[in-house]
**Student:** 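Mind having a look at this structure? Questions to follow.
All of these numbers come straight from a predicted model, not from anything done at the bench.
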Amino acid sequence: MARLGDILVDHGWITLAQLDSALAAQGDERGMLGQILVRRGLISFEQLGEALSEQYGVPYVEVVPQAVNPQVARLLPESMARQHTCVPLSVSGSRMQLAMVAPDDIETIAETELITGYHVDPLVALDGPVQAAIDHSFDDRIVARQTIVDMKMADLEAAEHLVEDEVVDAEEEKEDLAPVVRLVRAILMGAINAGTSDIHLEPHVPEMRVRYRVDGELQQVMTIPDHIEEAVVARIKVMADMDTTENRRPQDGRLSVNEAGARVNFRVSSIPTVGGEKVVMRLLDEGNKVFDLDTLGLPTSERDTLQSLIDKPHGMLVVTGPTGSGKTTTMYAVLAKLNSVNRNIVTVEDPVEYRLTGINQVASDNDYGLGFANALKYIMRQDPDVIMVGEIRDHETATTSVQAALTGHLLISTLHTNDAVGAVARLNDLGIDNFKIGGALLGSVAQRLLRSICLECKEPAEANPTLLQTLSKNCKVEQDAVFYRGRGCKKCLGTGYSGRIPIYEIMVVTPELSDGIEKGLPANRLREIAASQGMIELAQAGLDLAVAGKTTLEEVYYKVSG
């Protein structure tokens with residue numbers, strides 16, 4: 001086989017001196033000979049392709065990643081495509097066109113034919129576009145969009161063909177090529193790979209909108225044509241063991257899929273809207289979820305403070321914050337820390353999101369007389385040492401919880417308040433006397449989840465003076481403090497953020513604070529007492545992270561003041 005350099009010289013596209021210079025630079029410059037020559041501007045991509053075609057004796061193909069159908073590319077396993085830098089481009093009859101960087105690799109061709117059952121026609125292609133095509137083809141969100149395009153181009157089969165009473169797992173999904181089945185699986189896999197907490201399927205005119213919640217923010221990933229949205233919802237209901245014939249009342253269910261050898265669970269909720277059924281799926285990745293107080297992100301001093309609270313034999317600890325602030329994770333981490341063979345720990349939750357080994361978990365169910373308040377009364381007869389109530393939301397639950405805390409039990413629960421001190425006012429609103437609150441409450445933990453700045457595109461940023469002034473009224477900020485932001489890049493999908501980091505505000509009910517609660521002091525006075533005794537407020541915790549370059553000033557303001 002002729003050498004690439006000789007072919008280029010024979011065509012008169014480069015000189016011998018230019019070839020020798022490029023060959024000599026191969027040890028220092030990144031890439032193969034052809035890439036070096038293109039980068040130096042000595043030849044074009046077209047000339048390189050023509051020379052490679054002549055060298056290998058196969059046609060050259062210019063691979064356009066966006067034009068590669070992911071369904072075709074996925075005929076090969078991703079690991080094999082990446083290892084051998086090849087990607088299927090098209091199939092026709094019994095033949096497949098395979099773009100390869102090394103089309104003389106007979107073993108790869110033979111293995112591809114064995115795996116796919118197609119006869120391979122090799123084509124030579126450049127490394128960069130092939131790698132990009134692989135990245136494009138194995139992005140599950142793109143696969144879902146391509147599936148929709150495929151479905152728009154073909155008539156759907158009858159809806160009854162799509163709804164089958166069977167348990168679906170990953171292996172069965174691979175075998176079943178029904179368009180709706182592929183679409184639903186792509187949506188689920190895309191959510192898993194994107195680190196999504198929730199999937200929203202929302203019926204609108206003219207198309208159903210699909211959004212992922214990533215790092216606490218909703219992002220639209222695709223739309224589904226309205227003429228197939230009922231089939232998509234029906235498929236999800238079958239997988240979640242829900243009633244496919246009922247679309248006039250809310251339903252709940254659970255479904256599971258296998259991903260990379262691990263089972264991932266989704267909690268499914270559907271509700272009728274004027275446009276159709278809205279479905280929300282909460283991802284419950286139990287295999288990768290570890291609840292550990294030491295890894296919550298608490299500063300050492302605050303972790304020790306929280307540990308001192310849960311070391312108490314009885315009393316009430318409440319975790320506060322808005323929906324999605326990580327309250328359940330904190331409570332589970334506390335329970336995991338308390339879990340031991342000499343403690344009877346019982347929970348009542350709505351719903352039970354994660355199973356904790358060694359802890360007795362009760363699912364709240366009003367239809368069977370197991371609402372939070374009633375379930376708590378029954379649990380009190382079960383000789384518990386530690387009780388966890390998913391949420392205190394009414395007078396009866398609050399009264400029973402306080403009574404449990406006052407009668408020798410450690411009770412942990414959540415409240416929807418903005419800060420730690422607000423727990424006192426909330427319990428008071430629920431009809432609990434200040435005297436009982438002061439006697440039962442050990443402390444309260446307020447928390448938020450702030451988006452972290454993407455490390456790939458992090459850069460210094462001018463502080464917004466209005467936001468800084470608002471946040472720093474009662475906080476300490478150095479005058480020469482430097483703030484940062486994420487510029488937006490491919491890794492963070494242009495958001496400037498990647499991942500989340502928690503902040504905490506822990507109020508310990510000391511004798512002085514308990515006395516203030518019993519006297520009915522206003523919230524601002526209670527906050528002053530708690531701050532004087534070492535409580536770090538949410539705004540200060542957020543500003544400390546912003547100054548440390550871990551989050552932005554805007555994120556702190558939005559999550560703490562919003």
**Student:** Tell me, please, which residues at least two apart from H11 pass ring-ring contact (aromatic ring centres under 6.0 Å, His included).
**Tutor:**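 Listed in chain order: W13.
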**Student:** To the nearest 0.5 Å, what is the distance between CD1 (I134) and SG (C86)?
**Tutor:**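 Going from CD1 on I134 over to SG on C86, the span is 6.5 Å.
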**Student:** To the closest 0.5 Å, what do you measure between OH (Y497) and SG (C454)?
**Tutor:** 11.5 Å
**Student:** Donor-acceptor pairs are to be reported for all side-chain atoms of residues 120-132 against protein atoms at under 3.5 Å, with residues two or more places apart or in another chain.
**Tutor:**
| residue | atom | partner | partner atom | Å |
| --- | --- | --- | --- | --- |
| D121 | OD1 | R95 | NE | 3.3 |
| D121 | OD1 | R95 | NH2 | 2.7 |
| D121 | OD2 | R95 | NE | 3.0 |

**Student:** Classify the side-chain pair Q361/E349 by whether it contains a donor and acceptor separated by less than 3.5 Å.
**Tutor:** yes
**Student:** Should we say atom CD of E462 is surrounded by more than 12 heavy atoms from elsewhere, each under 6.0 Å from it?
**Tutor:**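 Not buried by this count: 12 neighbours or fewer within 6.0 Å.
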**Student:** For E230, does the CD atom have more than 12 heavy-atom neighbours from other residues, nucleotides or ligands under 6.0 Å away?
**Tutor:**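 Atom CD in E230 is not packed in, count stays at 12 or less.
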**Student:** Have a look at P88 and tell me which of L98, N69, V68 forms a side chain to side chain contact (heavy atoms under 4.5 Å, CB included) with it.
**Tutor:**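 Of the listed options, the one satisfying the test is L98.
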**Student:** Can you spot which of I199, V233, V232, V210 makes a side chain to side chain contact (heavy atoms under 4.5 Å, CB included) with V279?
**Tutor:** V233
**Student:** Could you check whether any side-chain N or O of N339 sits under 3.5 Å from a backbone N or O of T357, counting only pairs where one atom can act as donor and the other as acceptor?
**Tutor:**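 Judged by distance alone, yes, a pair lies under 3.5 Å.
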**Student:** We want to know whether Q447 and S325 form a side-chain donor-acceptor pair, criterion being a heavy-atom distance below 3.5 angstrom.
**Tutor:**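 The answer is no; no qualifying pair exists.
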**Student:** What's the verdict on side-chain contact (heavy atoms from CB on, under 4.5 Å) for I36 and L42, showing C-alpha distance, side-chain angles and the deciding distance?
**Tutor:** CA-CA 9 Å; I36 294 173; L42 298 176; over 6 Å; no
**Student:** Check whether any side-chain N or O of S53 sits under 3.5 Å from a backbone N or O of V58 as a donor-acceptor pair, and report yes or no.
**Tutor:** yes
**Student:** What distance separates K559 NZ from R448 CZ, expressed to the nearest 0.5 Å?
**Tutor:**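 Nearest 0.5 Å value for the NZ-CZ distance: 9.5 Å.
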**Student:** Minimum heavy-atom separation for L218 and H200, please, with both atom names.
**Tutor:** CD2-CD2, 3.6 Å
**Student:** Quick check: do Q219 and T196 have side-chain heavy atoms less than 4.5 Å from each other?
**Tutor:**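 Q219 does not reach T196 side chain to side chain.
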**Student:** In terms of heavy-atom contacts, does CG of D241 have more than 12 from other residues, nucleotides or ligands at under 6.0 Å?
**Tutor:**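 No, the 6.0 Å shell around CG holds no more than 12 heavy atoms from other groups.
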**Student:** Quick one, H119 with M96, criterion side-chain contact (heavy atoms from CB on, under 4.5 Å). Give me CA distance, side-chain angles, the key distance, then yes/no.
**Tutor:** CA-CA 6 Å; H119 178 77; M96 167 194 287; over 6 Å; no
**Student:** Is the backbone N or O of Q47 less than 3.5 Å from a side-chain atom of Y60, with the two atoms forming a donor-acceptor pair by type?
**Tutor:**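 No; judged by distance alone, with no hydrogens or angles, the pair does not exist.
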**Student:** Is any side-chain heavy atom of T551 closer than 4.5 Å to one of I503?
**Tutor:** no
**Student:** Given side-chain contact (heavy atoms from CB on, under 4.5 Å), test I224 with I187 step by step and report yes or no.
**Tutor:** CA-CA 11 Å; I224 297 174; I187 291 172; 4.1 Å; yes
**Student:** Does the H136 side chain pair with the main chain of P65, one donor and one acceptor, at a distance under 3.5 Å?
**Tutor:** yes
**Student:** Give a yes or no on this: more than 12 heavy atoms of other residues, nucleotides or ligands lie within 6.0 Å of atom NZ of K458.
**Tutor:** yes
**Student:** To the nearest 0.5 angstrom, please state how far the CG atom of D104 sits from the CD1 atom of I109.
**Tutor:**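 Those atoms lie 8.0 Å apart.
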**Student:** Which pair of heavy atoms, one from D226 and one from E229, lies closest together, and at what distance?
**Tutor:**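 What the structure gives for the nearest pair is O-CG, 3.3 Å.
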**Student:** Mind listing the closest non-hydrogen atom pair of V348 and S364 along with its distance?
**Tutor:** CG2-CB, 4.1 Å
**Student:** Within a strict 4.5 Å, meaning less than it, do heavy atoms of the P250 and S270 side chains meet?
**Tutor:** no
**Student:** Return the minimal non-hydrogen interatomic distance between R451 and E555, and the atom names on each side.
**Tutor:**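 Nearest pair, atom of R451 first, then E555: N-OE2, 2.9 Å.
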**Student:** For E246, does the CD atom sit with more than 12 other heavy atoms under 6.0 Å from it, leaving out its own atoms?
**Tutor:**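 Buried by this count: over 12 neighbours within 6.0 Å.
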**Student:** Begin from the C-alpha positions of K337 and D294 and carry the test salt bridge (charged side-chain N to carboxylate O under 4.0 Å, His left out) through to its verdict.
**Tutor:** CA-CA 9 Å; K337 193 73 173 179; D294 296 330; 3.7 Å; yes
**Student:** Among L284, L188, I236, which residue satisfies the side chain to side chain contact (heavy atoms under 4.5 Å, CB included) criterion with F266?
**Tutor:** L188
**Student:** Look only at the side chain of E54 and the backbone of A51, and say whether a donor-acceptor pair between them is shorter than 3.5 Å.
**Tutor:**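 Not confirmed, E54 side chain does not pair with A51 backbone.
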**Student:** Would you mind reporting whether H84 and M100 have side-chain heavy atoms less than 4.5 Å apart?
**Tutor:** no
**Student:** Is the shortest side-chain heavy-atom distance between V268 and M242 below 4.5 Å?
**Tutor:** yes
**Student:** If I compare all heavy atoms of M239 with all of L255, which pair ends up nearest, and what's the gap?
**Tutor:** O-CB, 3.4 Å
**Student:** Measure the shortest side-chain to side-chain distance between I14 and I43 over non-hydrogen atoms and say whether it is less than 4.5 angstrom.
**Tutor:**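 Contact flag for I14/I43 side chains = yes.
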**Student:** Distance check, rounded to the nearest 0.5 Å: S21 atom OG versus L16 atom CG?
**Tutor:**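 Separation between the atoms: 12.5 Å.
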**Student:** Taking C-beta and beyond as the side chain, do V280 and E202 meet within less than 4.5 Å on heavy atoms?
**Tutor:** no
**Student:** Whether the side chain of R213 engages the backbone of G216 through a donor-acceptor N/O pair (distance < 3.5 Å, no angle test) should be reported.
**Tutor:**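 Between the backbone of G216 and the side chain of R213 there is a qualifying donor-acceptor contact (under 3.5 Å).
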**Student:** For T112 and Y118, does a side-chain donor sit closer than 3.5 Å to a side-chain acceptor?
**Tutor:** no
**Student:** For the side chain of E456 and the backbone of C489, is there at least one donor-acceptor N/O pair under 3.5 Å apart?
**Tutor:** no
**Student:** Looking at C492 and G488, what are the two nearest heavy atoms and their distance?
**Tutor:** SG-CA, 3.9 Å
**Student:** Looking at side-chain heavy atoms only, is the closest gap between R209 and M222 below 4.5 Å?
**Tutor:** no
**Student:** Tell me whether the count of non-hydrogen atoms from other residues, nucleotides or ligands lying under 6.0 Å of CG in L455 goes above 12.
**Tutor:** no
**Student:** Taking atom CG of L545 and atom CG of L553, what is their separation to the nearest 0.5 Å?
**Tutor:**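 One gets 12.0 Å once the value is rounded to the nearest 0.5 Å.
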**Student:** Passes side-chain contact (heavy atoms from CB on, under 4.5 Å), N360 versus T347? Steps please.
**Tutor:** CA-CA 6 Å; N360 306 290; T347 76; over 6 Å; no
**Student:** Looking at R267 and D198, is any side-chain nitrogen of the basic one under 4.0 Å from a carboxylate oxygen of the acidic one?
**Tutor:**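 The answer is no: the pair does not qualify as a salt bridge.
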**Student:** Charged N to carboxylate O below 4.0 Å: is that the case for E554 and R485?
**Tutor:**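 Here E554 does not pair with R485 in a salt bridge, since their nearest N and O are not under 4.0 Å apart.
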**Student:** Return the set of residues passing ring-ring contact (aromatic ring centres under 6.0 Å, His included) with Y332 (not counting sequence neighbours), or none when no residue passes.
**Tutor:** F291
